[in-house]
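First comes the structure, then the notes that go with it.
Please read these numbers as outputs of a predicted model, since none were measured by experiment.
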Amino acid sequence: MAGIGNRLKIHPSDKNLLAFRRQDFSIQSQFDTGGGTSSRMMMTRDETDIKKAKTQERLTLEDVRFSDMRKKVPLLGRVPQSKMMVSDVDDIFEQQKKEHISFIKLNFRQLECQQFVPATNQQKIEKTGALKCHCGEVLKNHIPYEFHESTQQRKRNVPAYRYENLIPPDLEPFIDLNNLGSKPPEKFPPVEWKADQAIKVKTTTSFGKIKFTGMEQVGGMKPAKYLRLTDEEKPDSVSLAIKLMKDHWKIMEPNTPSLIISVVGGAKNFKLNGKMRETFQSGLIKASQTTNAWLITSGFNMGAMKEVGLAVREGQSFEWYKDRFAHGLRCIGIAPWGYVKNRNCLTDHTIKVEGKFDKIAEYLTSNVIEHAKPVPLNSDHTHFIFVDDGYRNLYRGVAKFRARFEKKLSDPIEKGGEGIPVVLIVVEGGRDAIEDAKTSLEHNIPVILCEGTGRAADILVYAYTNPERGTKIRKLIKKAYFELKQTDKDDPKAKQKAEDGINNVFESVKSCIKKKDMISIFHINKHEELDNEILKILLKAKAGEVTEKQRLERLKLALKWDRADIAQEEIFREDALWSRGSFDEAMETAILTDNVKFVQIILNQGVMMREFLTSKRLLKLYDLALKEIDINSMPFKQLITKLGMRENEEMKMEKLSKIVISLMDKFDYDMEEEEDIDDNVNDNDNERHKNEPVYFKYPYKQLLIWSALLLRQQMTHFALKMGGEPVTSTVAASRIHFSLAKYIHRNELSVKNKVLAYKEEFDELASDVLDECHTRDPTTAMMIAERRSPTWSNMTSMQMAASADNQTFLASVVCQNSIGSTWKRGIGSSWQKVFLVSLFPFLAATPFLDIDKLGDNKMSPTYKFLTFLTSPIAKFTYHSLMYLMFLMLFTYFVLVEFRTCEITPIEGVCIVWISTFIIDNAYTCLAFPSPSITCTIRDWFGLLKFLDIGNCILAIVAFIMHAEGSKAMEAKSIFCINAVVFYIRVLEIYTVNSRLGPKMVMIKKMMLELGMFILVLTIFLVAYGVASQGLMHLQRHSNWNILKDVVYFPYWQLYGELSLDEIKDDDTCIYNATDMANKTDDSYCRKFHGLVPVLLAAYLMIGNILLLNLLIAIFSNVFHAVQVNSNRIWKYQMYLLVMEFDTKASLVPPLSIFIHIYLLFKWIFRHTCCRKSKGRQYGSRHLEYLQLFEKEQLSNYLRKKKADAKSSTDISIFSMQKRIDELYKMIKEEFLDDDPATVDRETSKAGFESLYRPKTVGEATLERQISKTGSIKETVPIHTKENEKEKKPRKKKKKKAKDDEIKLMKAKDDEDNLFKAKDDEDKLFKAKDNEDKLSKAEGDDDKLFKPKVDEEKLFKIKDKDKLLNIDKNIEKPEAEKKVADFLEEKVSDDEYAVTPSSLPISPRRKSATKKWTTDSDSDDEKPSRSLRMNIQHDSDDNSDLNNFDQFKKTRRSKRSKSRSQDSFSEEDLKYRGSKIRQKLRKKRSRKNNSDSH
């Protein structure tokens, strides 16, 4: 709706038309009536124009579309007169507006402070006008309860207020109303201010529409509706607000929401970075668009509310509905009235309060957010509800109303609610966000916590995952909300206040985590989608509900989201019981939305397609699909219209049959046969029997036709897979799409190309599945191709493929084998032998010709002879030989035997022969394997066939003319033309050749292009002919020679016959001046004109050079197009040729007349005397086997195709990304400490690089003393002054580590860096358990965690004190030397292993050329598998230290159970140490050598 502007008015009113009264409508440009006649009614011109303008504003969008068309038609005008006649009635829109205003004024109130008492602690205020009342508002913004009408004459009545009533008498001496700029006194007399007395209730004056200014965006904006109210329980303001939104704001139209998403979070100091913003906004848009969800926020232009607004702006759309346009996404802002910046512009200050409807409130929004001041509104919200509690400039009074509002929407309809599920999303946030989450959980509203956004969200996430760590939770709360300033650290009151606040928040957090089943954690930095998390929590929150109705509601939500996997896990459980027919509505929705996964899941629950898809429900599906405004249903609608049926008519089986027959030439209802009704049964039983549903024999066939007609491609594939005869059904789907494309208008080229693309897809599928059958059993595959399908009206797949021009299918190996088998009919000899036997037929009964037994045990010579004569190849051979004989005879007749006065015997023989040609073609047309004669003419009759039949009829006409005797010359001319056509007919014989056959197609296409070329050439030819003849003849008498001269000479000049003498003077023209009676003027003679040669040169240049080369290019294009597919084209032609000669009589013309006479009498006898039963091609047992065979091969084909798709690059990358994410989660959960600070240090680059820096206070806070038995004794040293100095740098380093983690998560998305070593993919995930996976993946840690750690540097150490005494400033080689020397001591398996983050030096990076392999036998190449144990050095929580021993023992026991055989021995560790020492010695020796040189 980008063309909808901000000034568009949909609902007109008299006040909207005030502008017309100030204009002169006598000028046409002011209001264009389109040339219509003036009204005859008794009214002035201005009144008529106003009436027309008012009527035009009220017209529907469809009526306005014809406004310009009506203007150009005389006597019509832009506005229809039929619409004008009803404009005298009260405007319905105006009436709705009045009802809207009266409802608001009757039910909603606002609060205003009526007593100004300055609040305390305002000593720094320098002006009296800046003093704030206890309510938070300054004096000039207080609106008194009483006002009187101004006596000044103005254009409109404006209220005048008496401010003196606001100030208590005790304060009047200290506040001068006339001098508010004066300095206030330092102290006011004590005056009590009570909210219940000072704040008064008034009828609301703030409602209407907001037009945001100062903001421009793509697509324009629609004014937002707003209302100011008070939070009251009696009457319930929430119920009244919802009623207002439904009845007057029409917020439920055109689509009722399936979900409400409430977002709470950070405000002024909250921002999302690029990746987090993209994840949050895209998930929010997808969830909203999928379910038509409402979004609820605080409505301000800051923090999380602004992010929601940006998401709405990105996904917003508009829809025209019932003469108005509505938002596609509804974003509702529920904000405190007193905290809205510039709120005065939203109030109607007139005496007669009518809201901001006619004069829309213009609101200037801003991105500037000031501390402790009101905040502007967000321009992307569509509706606002302002909650007024009487206080100003404070964010308060809205939480309770919002909670009640959301609860009312989420309550079931039976309890007075709306039954719409609500989800709360917490993004960062302050203490209010925790309270909102607590309230929502108390109301059974699920909550999603966005991990990684900070503050409230992260606190709740930590409490959710670590509920037992209360001390740490308190510290996080203190750090987020109650961090004392430096000046307040020694204040006992401030400390106590902070402690109380921490306790309150902690209790709220504890209350939240009590309902874990209603909480879901969404990590905003991971490769996950927010919309999927919303669906999961909705189903998780309702997990305890077991009623069928509730499960069906959950199923609808899963359908909306298209998450069949979640529905399978959460809804369709084994313990769930479903009643019969409970899935019908869900099944209909899944079919209409082309959701195959849900259809499959529902069928797995025991639903039978035969019972579901009755005739009544099938027709309902057609009606529902046609009512939708969908581009996919457009071709079907055009088909219905072109067949002469109305689109809006209800679908019936007769109508459906007519539609399918027009596409497939044949259609059967396939209804199950009804049992005969016994006459003895009473009428009630008969009536009940008639009302029973009618079932289909082949329900998946009906589903396939429905999905193919409505372009539901996935559902079509599903019907093919589930139904019977998949090969034939696939060809039928191709046939439907081929026919459907013909009915699509050429302007809808994209839709037509889409339909043809679907057809090509089915062509390839049918061919591939048939080839799969061929690889298993070639003979059975041929039977499938030749089978007359009982499902598809006894049509074979090759018949439907030929009708659909499916050359791909007919060119397949199986179809060609079948065609070849039919062509030779068991003859195994070469064509040379067949030709020889055709010349000497008696050889057919001898062993000279190899003929198959055709399923019999033996074949007699007679049967062999008959088999040869009836084979299509023999018929073709005899037909060709006999036709050549006829051609020679007819040539002799035309050249020698034609007599003008008599009919010779040769002429009679030729005419009889020609008559048999006509009879033979007629019989072939009737017997051709097509559903109807129309189909045969369409598929088989080509240009040569029509030309042949027409030529034969013309020859008979010439014979009749010759027999008459008076028109011998005309008859001879016709016979000569017949000879030309008879010779052209020889081209049919060339079809059997693989090289000449495609050339016939080329000639046909070139002839069509040549016809188009002649139309272009004719323009230039006639133009030159007319110009040249007009220049050479000054005058001319009227005769037909003029037309000949115009066309004749220019045509031959194209071929080089310039006839230059014809453009010179005509010397033969005689001028007789003396014969005055017959005086001839020389102006009638041809004379040379100098412009004619110029025109001739231009004509020849265009014709011979330009147009001729254009024709050559066209022919070249046709040649290449046919040559590429020449093999398929020839195979397609061969099928038609084989079918033609397979149906022809055994004897060829003229002898075929005897066979045709016999067949005629046989047909009459069977239809009058004895009806012979029709035989069957295959028995039911054979058909069942063929069906099972092809379904099995279809499954094999789909399985192979799925395996190929899995092996593709994109799928491999996606799979690897998913597995690495899982590995990352496993590492984090199993091997990293729960403290976020530890995670930051472990996963960030800074954490690893810090090993090179001197030991900080965080590293010095914990000293380990490792005893020989492996126990750990930990002591906390006393902080020194030096340690105190290092506190601030440590905070900076922690912050840097956190920033590095964010960078790490960004870099994690870079697939090039993640998957460079694709060869290591399989090795990375071969581990049987989590710890083994970690050890094998450590070789690729440089991809997971950026710092490339060489796992050869992970060692077990005996005494930590020795290692920690290493000098920090020592160089790396020396430090490594000390570590290597230390490792010479024996270390037992049960001694503690330290991670790289615990070492004071950094291990070297792995060589770029050396690759780690987990399956290598070399010890040098095996990465270390030492256990990772991370300790929080800088933590002040002593509980971690006390539990460390127990934690270590538990971890060690797990390791011993899972990897008892993979642990490293002392020899392994010693061997590794020796390797490192050797490397250090080599390095030192090289250094010494360099120094010596």
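Exactly one of Leu770, Thr730, Asp763 qualifies for a side-chain contact (heavy atoms from CB on, under 4.5 Å) with Phe809. That residue is Leu770.
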Checklist entry - Phe959 and Phe975: ring-ring contact (aromatic ring centres under 6.0 Å, His included), yes or no, with the steps? => result CA-CA 9 Å; Phe959 174 76; Phe975 282 138; 7.7 Å; no
Item to check | Derivation of the side-chain contact (heavy atoms from CB on, under 4.5 Å) call for Leu1194 and Val727 | outcome: CA-CA 8 Å; Leu1194 173 64; Val727 174; over 6 Å; no
Next on the checklist: Working note: Leu663 + Leu709, criterion side-chain contact (heavy atoms from CB on, under 4.5 Å); need CA distance, chi angles, decisive distance, verdict.
Outcome noted: CA-CA 10 Å; Leu663 298 176; Leu709 289 175; 3.2 Å; yes
Checklist entry - What do the steps show when you test Cys976 against Lys972 for side-chain contact (heavy atoms from CB on, under 4.5 Å), and what is the final call? => result CA-CA 6 Å; Cys976 292; Lys972 180 66 179 291; 4.1 Å; yes
Checklist entry - Stepwise, does the side chain to side chain donor-acceptor pair (under 3.5 Å) test hold for His717 with Glu761? => result CA-CA 10 Å; His717 281 281; Glu761 182 179 343; 2.8 Å; yes
Item to check | side-chain contact (heavy atoms from CB on, under 4.5 Å) between Val992 and Trp823, intermediate numbers included | outcome: CA-CA 11 Å; Val992 75; Trp823 175 247; 4.0 Å; yes
Item to check | Evaluation steps, ring-ring contact (aromatic ring centres under 6.0 Å, His included), between Phe890 and Phe982 | outcome: CA-CA 9 Å; Phe890 191 79; Phe982 283 137; 5.2 Å; yes
Next on the checklist: Between His962 and Glu907, is the side chain to side chain donor-acceptor pair (under 3.5 Å) condition met? List the steps.
Outcome noted: CA-CA 10 Å; His962 187 206; Glu907 181 179 0; 2.8 Å; yes
Next on the checklist: Could you walk me through whether Glu786 and Ser818 satisfy the side chain to side chain donor-acceptor pair (under 3.5 Å) test, starting with their C-alpha distance in whole Å, then the side-chain angles of each, then the deciding distance to 0.1 Å, before giving a yes or no?
Outcome noted: CA-CA 7 Å; Glu786 298 169 353; Ser818 175; 2.7 Å; yes
Checklist entry - Please walk me through it: do Gln638 and Glu748 pass side chain to side chain donor-acceptor pair (under 3.5 Å)? => result CA-CA 11 Å; Gln638 291 184 356; Glu748 300 289 345; 5.0 Å; no
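Arg735 has a carboxylate O that lies under 4.0 Å from a charged side-chain N of Asp665, or vice versa, which qualifies the two as a salt bridge. The pair Glu1190-Arg787 meets the salt-bridge criterion, with a side-chain N (NZ, NE, NH1 or NH2) lying under 4.0 Å from an Asp/Glu carboxylate O. Lys945 and Glu1140 are joined by a salt bridge, as a carboxylate oxygen and a charged side-chain nitrogen come within less than 4.0 angstrom of each other. Ion pairing of Lys1200 with Asp1204 is absent here, as no side-chain N (NZ or NE/NH1/NH2) approaches a carboxylate O to less than 4.0 Å.
Listed here is the closest heavy atom pair of Thr867 and Arg825: CG2-O, 3.6 Å. The two atoms that bring Asn1104 and Leu1054 nearest to each other are OD1-O, 2.9 Å, heavy atoms only. Ser829 approaches Lys824 most closely through the heavy-atom pair O-NZ, 3.4 Å. Nearest approach of Thr1143 to Ala927, heavy atoms of both residues: CG2-O, 3.3 Å. Closest approach of Pro1149 to His879, counting heavy atoms only: CD-CD2, 4.3 Å. Looking at every heavy atom in both residues, Leu1058 comes nearest to Gln1053 through O-NE2, 2.9 Å.
The OG atom of Ser1126 sits 10.0 Å away from the NZ atom of Lys1131 when rounded to the nearest 0.5 Å. The CG atom of Asp1045 sits 9.0 Å away from the OG atom of Ser1028 when rounded to the nearest 0.5 Å. A distance of 6.0 Å separates CG in Asp1142 from NZ in Lys875, rounded to the nearest 0.5 Å. For the atom pair CG of Leu1137 and CD1 of Ile873, the computed distance is 10.5 Å after rounding to the nearest 0.5 Å. Atom NZ of residue Lys742 and atom CG of residue Leu639 lie 12.5 Å apart, to the nearest 0.5 angstrom. Leu1100 contributes atom CG, which lies 4.5 Å from atom CG of Leu1096 (distance to the nearest 0.5 angstrom).
For the pair Phe1049/Glu1057, no side-chain contact is recorded, criterion being any heavy-atom separation below 4.5 Å from C-beta on. Between Thr891 and Tyr983 there is a side-chain heavy-atom pair separated by less than 4.5 Å. At least one side-chain heavy atom of Leu889 sits under 4.5 Å from a side-chain heavy atom of Trp913. When side chains are defined from C-beta on, Phe876 does not count as touching Val1138, because their heavy atoms never get closer than 4.5 Å. Proximity of Val1046 to Tyr1051: side-chain heavy atoms (C-beta onward) are nowhere separated by under 4.5 Å. In this structure, the side chains of Thr924 and Phe1141 stay at 4.5 Å or more apart for every pair of heavy atoms. For the pair Ser994 and Asn1127, the minimum side-chain heavy-atom distance is 4.5 Å or more. Counting only heavy atoms from C-beta outward, the side chains of Leu836 and Phe840 approach each other to under 4.5 Å.
Counting only distance, with no hydrogens or angles, the side chain of Lys666 and the backbone of Ser793 share a donor-acceptor pair below 3.5 Å. Judged purely by atom type and a 3.5 angstrom limit, Ser789 uses its side chain to pair as donor or acceptor with the backbone of Trp792. Between the Asn753 side chain and the Leu749 main chain, a donor and an acceptor come within less than 3.5 Å of each other. In this structure, Asn978 contributes its side chain and Asn951 its backbone to a donor-acceptor pair below 3.5 Å. When atom types are taken as modelled, the side chain of Ser739 and the backbone of Ile736 share no donor-acceptor pair closer than 3.5 angstrom. Remark: the backbone N or O of Arg1128 is not paired with any side-chain donor or acceptor of Asn1125 at under 3.5 angstrom. Judged by distance alone, the side chain of Thr1018 and the main-chain N or O of Ile1014 form a donor-acceptor pair under 3.5 Å. Side chain of His1156 to backbone of Ser1152: a donor-acceptor contact under 3.5 angstrom is found. Not a single donor-acceptor pair under 3.5 Å links the side chain of Ser812 to the backbone N or O of Thr808. Remark: the backbone N or O of Arg995 is paired with a side-chain donor or acceptor of Lys999 at under 3.5 angstrom.
Around atom CZ of Arg788, no more than 12 heavy atoms belonging to other residues, nucleotides or ligands sit under 6.0 Å away. Atom NZ of Lys1201 sits in a sparse spot, with 12 or fewer heavy atoms from other residues, nucleotides or ligands closer than 6.0 Å.
Cation-pi geometry between Arg985 and Phe917 is satisfied (NZ or CZ under 6.0 Å from the ring centre, within 45° of the ring normal). For the pair Lys1044 and Tyr1048, the cation-pi criterion (under 6.0 Å, within 45° of the ring axis) is fulfilled.
Between Phe886 and Tyr883, the ring planes lie tilted relative to each other; the angle falls in the 30° to 60° range.
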